[in-house]
Every structure is written in structure tokens, then in C-alpha cells.
Amino acid sequence: MRIATWNINSITARLPRLTQWLETAQPDVLCLQELKVSEDGFPRDALAALGYESVVNAGGRWNGVAVLSRVGVEDPAVGLPDAPAYDGVVEARAAAATCGGVRVWSLYVPNGREVGHPHYDYKLEWLAALRATVEQPAAGSAPFAVLGDFNIAPTDEDVWDIAEFDGATHITEREREALSALESAGMKEVHPRPLKYDVAFTYWDYRQLCFPKNKGMRIDLVYGNSAFASAVGDAYVDREARKGKGASDHAPVVVDLEV
DNA sequence: ATGACTGCAATATGCAGA
């Protein structure tokens, strides 16, 4: 079974790219983030025509996540239990489904903006809610994974130049402690292999030739429980999807399970 | 060559992304 995650930065702008990628990569399950679309505007029919059912949590102009599956959808859920609000709004940042016997969450972790900004505290609170949500399934025997844009680089090597990030979000101890908390709950990170260069970056800014210069970050992550992690046969970042005009600024992470 | 931000809501430019 092939499971992938991709921050597509607008499903409306990216629909031609998305359908092309589904046809070539042939994922059984795809977690999407940054839909940037209303519930009504989600291209449910176009995806159904390709054989995918969709569990959608869409919030309009910002955020928005979905789980696409061509191996069935059971127990769909939208929204992280006890997720904090920001400016009084509980944003569309989580959606879940059990697909072909594998429970997955598609996650779009808050950016944090700046250390000390209210959005940074919101990010940490949101990650605490995630830790609580994974607690039980992490310890279970059924395969379970959380996939998405975590907006955290797990180590200093996961950004192109750590010196450029002095004082910035995405690399701070408190953010990385939230990832460690997932691991202490029983989740293991699935490490994708790069198709080029040393590190499997998943994000490159649109500006200043970041992609050609490989000034990237590895912030789109996959964490699975023991049953999931032990079934992983291969994992990689499809950087080809970042090339050319009309690309998202993120590349998909692809995980192949031996089930 | 992979190439010098992009998408959205609004309808000019500002916000957000990280």
C-alpha cells in the first residue's frame, strides 16, 4: 500500500498537477494540506472520477486538509480533538480516516510565525493536543500514522543552513520537544530517502531560486506506530513534483507499506 | 537544467506562508 502526504498550496490552483501526480505516483492514500478552498469548492467529483473518496476539513481561504483514499474510508473524522482556537477560530488543520486497515491523520501544524508571537504559543498548544490524540492509537496494534506539514525541522541538518535560522521558528527546542513527545508516546519517524542531495528536503521557498539552489527544509513528516513503522518498505520525497511552473512549494513524501 | 514568489479575496493591495 502506498501512502503519501503533500502540502499542495491551493487545491484549486494545483488540480491539474494533483491529478497528474495521482495518475503517475498511484498512491492508495494521500494526505493533503493547505487546500485553501471552501468545503463547497473542494473538487470531490474530479477526485472521485480517479477513484478517490475524500474526507475533507476545509476552512476557506486558509488552511484546509483532506484524506484521499482509493482503498476505502472508515471512521472519518475532522478536527483534532480538543484543538485550541486561534483568534476565536478552530482552524481546519486535521482530518482522519481508516483506509485499507490503516488509520491516518492528515495534519497542518500551525506555522508559529515568530518565537514569542501568540501564533507560536498556539502552535505548541496544538502540538500538545496532537500528543493527546495519538496516545491510544500509538500504543495499539493496528497500523496508525500521522502525516503532514509539521512546520518543524527535526534536526539542524533538516534545513539548508542552520545559521540562517538563528532566532527563527521551526528549529526551536520547544518545537522539537513536541516531536519527541510523539516518540515517547510510541510513534516513530519514517525517514524518507532523498532522490538527490544528502537530505530529503520537502519545502523550498518560491523566492530567490531556493529550489535550484536546494535551499530547502524537511518539515513535512510521517510518524507511525510500531505496526506502521515495521511495515514500511520504502519512503522517499518526490522532488520531481517541485519542478517547473505551477508547482507547490512543497514536495510529496511517499511511503510504501508491505501490507 | 529545476530558474529570480504565490494564492486568495478583492478589485489595490494586504495577508500569510516559513
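Throughout, a chain's letter reflects where its sequence line sits, starting with A, and its residues are numbered from 1.
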Does the side chain of A:Lys36 come under 3.5 Å of the side chain of A:Asn9 through a donor N or O and an acceptor N or O? yes
Distance in angstrom units between [X] [atom1] and [N] [atom2], rounded:
| X | N | atom1 | atom2 | value |
| --- | --- | --- | --- | --- |
| A:Trp160 | B:dA18 | CH2 | C1' | 9 Å |
| A:Gln208 | B:dA18 | CD | P | 16 Å |
| A:Lys243 | B:dA4 | NZ | P | 15 Å |
| A:Asn63 | B:dG7 | CG | P | 17 Å |
| A:Lys245 | B:dT6 | NZ | P | 7 Å |
| A:Asp249 | B:dG17 | CG | C1' | 7 Å |
| A:Ile162 | B:dA18 | CD1 | P | 17 Å |
| A:Asn7 | B:dA18 | CG | P | 6 Å |

Distance below 4.0 Å between [X] side-chain N/O and [N] OP1 or OP2:
| X | N | answer |
| --- | --- | --- |
| A:Arg207 | B:dT6 | no |
| A:His250 | B:dA18 | yes |
| A:Ser10 | B:dC8 | yes |
| A:Tyr108 | B:dA18 | yes |

Would you mind classifying the nucleic acid contact of [X] as base, sugar-phosphate or nothing, using non-hydrogen atoms under 4.0 angstrom?
| X | result |
| --- | --- |
| A:Phe165 | nothing |
| A:Arg113 | sugar-phosphate |
| A:Lys215 | nothing |
| A:Glu240 | nothing |

Measuring from the side chain of [X] (C-beta onward, heavy atoms only), which nucleotide among [options] has the closest atom?
| X | options | answer |
| --- | --- | --- |
| A:Asn9 | B:dC8, B:dG7, B:dA18 | B:dG7 |
| A:Asn111 | B:dG7, B:dT2, B:dA18 | B:dA18 |
| A:Tyr206 | B:dA18, B:dA4, B:dC5 | B:dC5 |
| A:Thr12 | B:dA16, B:dC8, B:dT2 | B:dC8 |
| A:Trp62 | B:dG7, B:dG17, B:dC5 | B:dG7 |
| A:Ala13 | B:dG7, B:dA4, B:dA18 | B:dG7 |

[atom1] spacing across the pair [N] / [M], given as an integer number of angstrom:
| N | M | atom1 | answer |
| --- | --- | --- | --- |
| B:dC8 | B:dT2 | P | 25 Å |
| B:dA18 | B:dG7 | C1' | 16 Å |
| B:dA4 | B:dA10 | P | 29 Å |
| B:dC5 | B:dT11 | P | 27 Å |

Where each residue is assigned the nucleotide of DNA chain B containing its nearest heavy atom, which of A:Asn151 and A:Gly246 is assigned the position nearer the 5′ end? A:Gly246
Nearest-nucleotide comparison on DNA chain B, the residue closer to the 5′ end among A:Lys196 and A:Lys36: A:Lys196
Name of the residue among A:Tyr108, A:Phe201, A:Tyr203 meeting ring pair (Phe, Tyr, Trp, His ring centres under 6.0 Å) with A:His250: A:Tyr203
Measure distances between side-chain N and O atoms of A:Lys213 and base N and O atoms of B:dT2, and say whether any donor-acceptor pair falls under 3.5 Å. no
For A:Thr155 and A:Glu157, indicate whether the former's side chain and the latter's backbone hold a donor-acceptor pair under 3.5 Å. yes
Looking at A:Phe144, I'd like to know if the NZ or CZ of A:Arg103 sits under 6.0 Å from its six-membered ring centre while staying within 45 degrees of the ring's axis. no
Under 6.0 Å from the CD atom of A:Glu189, do we count more than 12 heavy atoms belonging to anything else shown? yes
Would you call the rings of A:Trp6 and A:Trp21 parallel, tilted or perpendicular, taking 30° and 60° as the class edges? tilted
Do A:Asp234 and A:Arg193 make a side-chain contact, defined as non-hydrogen atoms from C-beta onward lying under 4.5 Å apart? yes
